[in-house]
Amino acid sequence: MKKNKSLKVSIVMGSQSDYKIMHLAEKTLKKIGVPFEIKIISAHRTPKRMYDYALATKRNNIGVIIAGAGGSAHLPGMISALTSLPVLGVPIESKKLKGLDSLLSIVQMPKGIPVGTLAIGEDGAINAALLAASIIGNNNQSIKNKLNNWRAAQTKSVKKKPK
Ligand code: RP5
């Protein structure tokens, strides 16, 4: 693996349909200025793609993985089973159970293989990006500064009085 400085975030999702939520993780990383890649990988429809991806993460200079999935959302847990890199799971709001199925599938990982679980949907996708930036920023002062600037701008944008 190269020096921490060049580590990037990898965003993966189980389906094209997840992109309507996961594009917010992409947008947030772009806005802060964190290097990333983005892919569709399905644990059940493309298991070999998932396996090959997970085993190649370290040599591909990935520092954190954000995995979004809906329904029986096993993608984050399966990737975490294949790599010791931090995996952040984003539960996608499903059509039938509004994402409660996704949330419980991702958050209830049995001990031994962790997934850091975020909120369902948009908030989870954005916070996953912020958390990924924070993890990369631990060993990369430039990313840490960019994240702190983003947070300062957010603080500044909160008005003192409602209109
Ligand atoms: C999961 O199944 C995906 O993460 C997606 O949220 C859900 C539905 O997928 P599509 O039927 O829309 O492709 O694998």
Side-chain angles (χ1 to χ4, degrees), residues 1 6-138 143 146-147 150-151 154:
M1 197 173 15
S6 59
L7 291 181
K8 66 186 172 215
V9 179
S10 181
I11 305 172
V12 296
M13 65 207 79
S15 167
Q16 173 65 46
S17 66
D18 297 331
Y19 187 59
K20 65 182 182 304
I21 296 299
M22 296 308 292
H23 84 94
L24 291 168
E26 178 184 41
K27 190 175 161 191
T28 304
L29 290 177
K30 264 189 197 160
K31 187 146 195 197
I32 298 170
V34 181
F36 68 93
E37 62 170 28
I38 185 158
K39 295 170 189 288
I40 296 173
I41 295 175
S42 167
H44 55 280
R45 291 176 181 150
T46 67
K48 185 170 186 305
R49 194 189 298 176
M50 178 195 67
Y51 185 82
D52 292 345
Y53 159 82
L55 295 193
T57 45
K58 281 192 182 157
R59 70 172 174 273
N60 286 336
N61 298 318
I62 290 164
V64 192
I65 296 165
I66 298 174
S72 174
H74 36 269
L75 180 65
M78 287 301 298
I79 292 175
S80 186
L82 291 163
T83 171
S84 60
L85 289 175
V87 177
L88 308 178
V90 179
I92 302 294
E93 190 170 333
S94 53
K95 287 180 201 121
K96 294 179 184 96
L97 295 172
K98 298 196 181 306
L100 187 58
D101 45 355
S102 325
L103 173 66
L104 295 179
S105 299
I106 295 174
V107 79
Q108 284 297 100
M109 278 300 289
K111 63 181 174 295
I113 300 295
V115 172
T117 308
L118 283 299
I120 297 170
E122 294 185 355
D123 290 352
I126 292 167
N127 277 346
L130 296 173
L131 196 50
S134 175
I135 293 167
I136 299 272
N138 259 335
I143 298 288
K146 287 177 187 176
L147 176 61
W150 185 94
R151 289 174 63 118
Q154 174 175 248

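Since the structure is predicted, the reported quantities are computational estimates derived from the model, not experimental observations. Each ligand, and each atom within it, is numbered from 1 in the order the structure gives.
Nearest heavy-atom pair, Lys146 versus Gly33, reported as atom, atom and distance to 0.1 Å: NZ-O, 3.1 Å. Taking each heavy atom of Leu75 and Gly68 in turn, the nearest pair found is CD2-O, 3.9 Å. Minimum interatomic distance between Pro91 and Ala119 (heavy atoms only, all atoms of both residues): CD-O, 3.3 Å.
Panel note: side chain Asp18, backbone Ser15; a donor-acceptor pair is recorded below 3.5 Å.
Pocket lining of ligand 1, defined as residues with a non-hydrogen atom under 4.0 Å away: Gly14, Ser15, Ser17, Asp18, His44, Arg45, Ala69, Gly70.
For Glu26, the CD atom is densely surrounded, since the number of other residues' heavy atoms within 6.0 Å is greater than 12.
By the side-chain contact (heavy atoms from CB on, under 4.5 Å) test, Ile113 is found to be paired with Ser80, Ala81, Met109, residues two or more places apart in sequence or in another chain being considered.
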